[in-house]
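Report on one structure; see the data block that follows.
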Amino acid sequence: MSADKNVVVGISGASGAGLALETLRILKDLRIARHVTVTAGAELTIRHELGAQARAEIHALATHDLHPSDLTAAIASGSFRAEAMLVVPCSMRSLAAIAYGTGEGLLARAADVTLKERRPLVLVAREAPLHEGHLEAMLKVTRMGAIVFPPVPPFYSGLADLDDMNRQIAARALATAGLDPEGHLRRWTGCPDS
Ligand SMILES: Cc1cc2nc3c(=O)[nH]c(=O)nc-3n(C[C@H](O)[C@H](O)[C@H](O)COP(=O)(O)O)c2cc1C
């Protein structure tokens, strides 16, 4: 593992727990340390969407699996060096907590720290349709320096199945956070028919 590379992964209770799993699998393959915090909402969605085994895999993939209320964790301080933070998937509740800097819970605190330290913060915000409050929160975090990255599938990239789709979205989110997902991202090289 590269000793000096850390990434923070907040997993919140939006649908799309498989996106978190693929993000962690890629980060592990890239040998980047993974500081993970799973909200109480995400504990439910992970089990509902993927089953108990997936929660065990997330725990195993995390180099640090941090309790959501542990505000003594390293990632709660700006003096801890991390390359970036992703919230994947990001619920509207967590989005609002970040937008309004509540610092309530480790995920919101770590995101606040990421913003104040001017480090990349990518929010894989998942909800549809969106009301004005959601859109306002998205605008607010964008103005504060975060990147709102809805988990939109790259339909053009020859997606094989749901896992492949999640992997391609996760790889793009990591690239947006300034990390190189290497061979995990299938890049567009032009249309073979033209
Ligand atoms: C199966 C399931 C799917 C959900 N999907 C979403 C979603 O896509 N987006 C969202 O904002 N909330 C969704 N929710 C609701 C959140 O889990 C809920 O608002 C929770 O309080 C979020 O808190 P957290 O951000 O601390 O995880 C879902 C809940 C369940 C049980």
Side-chain angles (χ1 to χ4, degrees), residues 7-24 34-59 61-62 64-73 75-76 82 84-116 120-142 144-155 159 162-163 165-170 172-173 176-177:
V7 166
V8 180
V9 178
I11 306 178
S12 76
S15 187
L19 295 164
L21 204 49
E22 290 300 336
T23 301
L24 293 174
R34 302 157 300 280
H35 300 252
V36 178
T37 184
V38 178
T39 67
E43 295 289 353
L44 295 176
T45 49
I46 292 164
R47 282 182 171 78
H48 175 73
E49 294 182 350
L50 305 174
Q53 188 52 41
R55 180 61 183 95
E57 187 179 347
I58 286 170
H59 179 73
L61 284 167
H64 305 74
D65 189 356
L66 305 161
H67 192 276
S69 63
D70 181 10
L71 293 172
T72 68
I75 63 169
M85 176 172 178
L86 295 96
V87 183
V88 53
C90 181
S91 73
M92 296 303 102
R93 179 178 190 266
S94 284
L95 171 74
I98 295 164
Y100 292 93
T102 65
E104 181 201 347
L106 184 56
L107 187 152
R109 171 62 188 163
D112 207 47
V113 163
T114 305
L115 287 175
K116 84 179 173 72
L121 174 65
V122 172
L123 308 178
V124 183
R126 195 272 168 203
E127 189 51 280
L130 301 168
H131 62 54
E132 188 176 337
H134 299 144
L135 293 166
E136 273 180 1
M138 288 182 184
L139 181 59
K140 205 164 180 332
V141 294
T142 301
M144 288 155 71
I147 299 174
V148 177
F149 183 103
V152 176
F155 294 109
L159 299 170
L162 206 54
D163 286 346
M165 183 188 81
N166 285 337
R167 198 171 312 120
Q168 289 307 307
I169 294 171
R172 282 163 173 76
T176 302

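Each residue takes its place number in the sequence, starting with 1. Remember, it's 1-based here, ligands and their atoms both numbered in the order they're listed.
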Are [X] and [Y] side-chain neighbours, meaning at least one heavy-atom pair lies under 4.5 Å?
X: R93; Y: S12; value: no
X: V8; Y: T114; value: no
X: I11; Y: P89; value: yes
X: H64; Y: I75; value: no

[atom] [closest protein heavy-atom partner, distance rounded to 0.1 Å]:
atom: atom 13 (C) of ligand 1; answer: G13 O, 3.5 Å
atom: atom 10 (C) of ligand 1; answer: E127 OE2, 3.4 Å
atom: atom 5 (N) of ligand 1; answer: S15 N, 3.1 Å
atom: atom 8 (O) of ligand 1; answer: R126 NH1, 2.8 Å
atom: atom 20 (C) of ligand 1; answer: R93 CD, 4.1 Å
atom: atom 3 (C) of ligand 1; answer: T45 CG2, 3.9 Å

Which of the numbered atoms in ligand 1 are below 4.0 angstrom from a heavy atom of [X]?
X: T39; value: 24 (P), 26 (O), 27 (O)
X: S94; value: 24 (P), 25 (O), 26 (O)
X: S12; value: 25 (O), 27 (O)

Charged N-O contact under 4.0 Å between K140 and E136 | no

Does any N or O atom in H48 lie less than 3.5 angstrom from one in ligand 1, N or O only?
-> no

M92, any N or O under 3.5 Å of ligand 1 N or O | yes

Taking all non-hydrogen atoms of both residues, which atom of P154 and which atom of I169 are closest, and how far apart?
-> CD-CG1, 4.0 Å

Step by step, work out the side chain to side chain contact (heavy atoms under 4.5 Å, CB included) result for L106 and H67.
-> CA-CA 8 Å; L106 184 56; H67 192 276; over 6 Å; no

Short check: is a protein heavy atom less than 4.0 Å from atom 18 (C) of ligand 1?
-> no

Rounding to 0.5 Å, atoms CE (M85) and CG (L115) come to a distance of 9.0 Å

